[in-house]
Amino acid sequence: MLKHKVMMAALSVAVAAPQAYAADKKEQKELAEIRAEIRQMKEAYEARLQAMEQRLQQAQADNAAAKAQIAAISAGAPAAPATGAAPAVAAYVETPPAPAGAAPTGAANPASNLFNPNISMILGGTLQNLKQDPTQYRLQGYAPSGGEVGPGKRGFNLGESELTITANIDPQFAGQLTFSLNGENQVSVEEAFVQTRGMENGLNLKAGRFLSSIGYLNGQHAHTWDFVDAPLAYQAFLGGQYKPDGVQAKWLAPLDQFLEVGVEAGNGTAFPGNDRNKNGAGAVSVFAHLGDDIGDSSSYRAGVSYLHTGAEQRAYQDQGLTNSFSGKSTMWIADAIYKWAPNGNPTNTNFKLQGEYFRRKESGTLNYAVETDAAASGNYRSVQSGWYLQGVYQFMPTWRAGLRYDQLSSGSQRIGLIDSGALAWSNLPILEAYNPSRSSFMIDYSPSEFSRLRLQLARDQSRPGVTDNQIFLQYIMSLGTHGPLVLKEQA
């Protein structure tokens, strides 16, 4: 019996031994594979770490080279290119030619594109069919601003073209210059400013001539607008657009929502102000904008702005006579925009609803028939308002349609010369109360992000008893590095 048990135990050991050996061998193999994976991960991590260290060293070398060359330029001497580092010098800095007979010193690395000026151009034009004579156009109840008011000329017109040059000046500053060319062969400076780059705490400074950030549409160039012309409120209260010569400080809050607050100080020459030949700031504006997403498909932005300026003999023509206003002008603007796109993707379809409300108060002196025997002066006070609301729907990837309604209210005007009986409204007909309005429809086609064709129909009732039915055909083309027309539309 004992012998039988011993034989069974021996047989069990003989059977189990190979299985244990096989299990141990499998375990050893798995451990080896794990060790190999750990070693590979470690090697890959070390390689990435070395690459990052090399990139850091290269960036430090490039920064040192840029500072050295900028310092050399400031000192009036050309800087020697650093070995292995691309010079970060503006392309407009010319290297003096080598003296005749001098041996070449070797080709220097080309300047970085970071500092090369980008040059771009916007070309635009319209074909206009107007029922009423555009030379008789006026916004009844409002003193003419002398700016971009009215539908323009009949027939073919070369629209406002823009030539823009932008560049980084150095690591701290960037600059932009935009020329405007109109159909009368006149060239003007649309914008010319310098601004800071990469300041801490969300602060940004700008100095020069720039499109003010008051309201919503004011800060956008005309080629990005959804309609051919500016809303009536912009024409009446800002002369088209408010572009001060001055400084701007803008702060972007470090929040999940969009919140920016800013202040601007200018010389006050832009309408509703004028050149008063004074020191310091002639106009001050402040603004605040708040925006955020609404779910995955919608977003909004709302804002409020305030502008304070003044005028001295701000002249306008009425019945062949020159009248003028001197005094204070203050304005409030409330703006809001709502955007919708399926799941946040506007490629195929999207919708945009925007509107603004203006309220202006002016008080001072109205001068009648300046420099004539009939000249007279009296107190003047007015509170006027206006608004517009527009919606634009992209129903196909390249097609959009939109509606816009404008209305102005000349409000209450207290004119001392009329209240006293010295003058009648027939002497100041352009200021007589009226509420101009206009309805517009547009449809546009964008074959690419760099071109747009637009048809616009409008029914304009800007003066009593006259309806102007207007038809516009417009083209807008973007050349150079300006960027796509669609992408240039602001959020």
Evaluation steps, side-chain hydrogen bond (donor to acceptor under 3.5 Å, both in side chains), between S446 and R452: CA-CA 4 Å; S446 302; R452 177 166 290 165; 3.0 Å; yes
Atom pair CG (L366) and CD (Q413), whose distance is rounded to the nearest 0.5 Å: 9.5 Å
T126-Q474 side chain donor-acceptor pair, cut-off 3.5 Å: no
Donor-acceptor pair between S363 and R381 side chains, under 3.5 angstrom: no
Interatomic distance, N204 atom CG to Q248 atom CD [nearest 0.5 angstrom]: 7.5 Å
N/O donor-acceptor pair under 3.5 Å between D468 side chain and Q132 backbone: yes
Side-chain ion pair, K206 and E191, N-O less than 4.0 Å: no
Closest contact, heavy atoms only, E362 versus P272: OE2-CB, 4.2 Å
Pair D335 + R301: basic N to acidic O under 4.0 Å: yes
NZ/NE/NH1/NH2 to OD/OE distance under 4.0 Å, R138 and D318: no
Interatomic distance, I337 atom CD1 to Y216 atom OH [nearest 0.5 angstrom]: 3.0 Å
Y338-S298 side chain donor-acceptor pair, cut-off 3.5 Å: yes
No-hydrogen, no-angle side-chain donor-acceptor test under 3.5 Å, S437 and Q407: no
L479 CG to S120 OG distance, which is reported to the nearest 0.5 Å: 9.0 Å
Atom pair CG (L408) and CZ (F358), whose distance is rounded to the nearest 0.5 Å: 10.0 Å
No-hydrogen, no-angle side-chain donor-acceptor test under 3.5 Å, S180 and E160: yes
Distance-only side-chain donor-acceptor flag, Q384 / S409, under 3.5 Å: no
Modelled atom types, side-chain donor and acceptor of Q241 and Y234, under 3.5 Å: no
Side-chain donor-acceptor contact under 3.5 Å, Q176 with T178: yes
Presence of salt bridge, D245 and R209, under 4.0 angstrom: yes
Short side-chain donor-acceptor distance under 3.5 Å, Q390 and Y388: no
Value rounded to 0.5 Å, distance of NZ in K250 from CD in E260: 4.5 Å
Whether over 12 other heavy atoms sit under 6.0 Å from E184 CD: yes
Ring geometry between F325 and Y380 (parallel below 30°, tilted from 30 to 60°, perpendicular above 60°): perpendicular
Salt-bridge contact R400-D226 (side-chain N to carboxylate O under 4.0 Å): yes
Y300 atom OH, over 12 foreign heavy atoms within 6.0 Å: yes
Over 12 foreign heavy atoms within 6.0 Å of CG, D256: no
Residue pair V392, K339: steps toward the side chain to side chain contact (heavy atoms under 4.5 Å, CB included) verdict: CA-CA 10 Å; V392 177; K339 290 185 177 183; over 6 Å; no
Under 3.5 Å: donor-acceptor pair, side chain of Q128, backbone of P151: yes
Any donor-acceptor N or O pair under 3.5 Å, side chains D275, T269: no
Y142 ring center near F237 ring center (under 6.0 Å): yes
